[in-house]
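Okay, structure first, notes after.
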Amino acid sequence: MDLNTGTRIADLRGSRGWSQPKLADLMSVSQSTIAMWESGKRNISNEDLIKLSRIFNVSTDYLLGNTTSKQGSVPEWATEQDKKDLRKFLEDNANSMTYGGEELTDDERQQLRVAMETIFWKHHKHD
């Protein structure tokens, strides 16, 4: 994980006026875990990344530093239900993927999530 992710977590937390203990409580982790995420000393699991994206109402791509848009690659026509459907689709599918029986690296999992989001939006158009 690069420092950018930790910086974004700290900035989002600060913009809400939350302390590290407050965010730790919301995330059901220790305050030291939040501090290590923010300093880039500990990686964030996919599950915690998804939870952070929900708490802060931003995309996982934004948290990971892959985009400057807090809502990631969500099309302008997407409704709140569409966004909920995407989160469920990713939760149901992205974390269970392996390649040749081997667990994917964090980088591979993130690339897979981006590809799955692209496919989801392509097939989820409102005609």
I need the minimum non-hydrogen distance between Ile55 and Met27, along with the two atoms involved. CD1-SD, 3.4 Å
Hey, is the main chain of Ala35 close enough, under 3.5 Å, to the side chain of Ser39 for a donor-acceptor pair? yes
Kindly indicate whether the side chain of Lys51, heavy atoms from C-beta on, has any atom under 4.5 Å from the side chain of Ser28. yes
Nearest-0.5 Å distance that lies between atom CG in Asp48 and atom CD1 in Ile34: 8.0 Å
If we ignore hydrogens and angles and just use 3.5 Å, is the side chain of Arg8 paired with the main-chain N or O of Tyr62 as donor and acceptor? yes
Check whether any side-chain heavy atom of Leu23 sits under 4.5 Å from a side-chain heavy atom of Leu52, and report yes or no. yes
OG1 of Thr5 to CG of Leu49: how many Å apart, nearest 0.5 Å? 7.5 Å
Ring of Phe56, cation from Arg16 - is the NZ or CZ under 6.0 Å from the centre and inside 45° of the axis? no
Heavy-atom nearest pair, Ser59 first then Ser53, reads C-CB, 4.1 Å
Nearest heavy-atom contact between Arg42 and Trp37 is O-CD1, 3.5 Å
Atom CE of Met36 and atom CD of Gln31: how far apart are they, to the nearest 0.5 Å? 9.5 Å
For a side chain to side chain contact (heavy atoms under 4.5 Å, CB included) check, start with the C-alpha distance between Arg13 and Glu38, then their side-chain angles and the critical distance, and finish with the verdict. CA-CA 10 Å; Arg13 179 179 58 74; Glu38 290 183 359; 2.6 Å; yes
On a heavy-atom basis, the closest approach of Leu12 and Leu63 is CD1-CD2, 3.7 Å
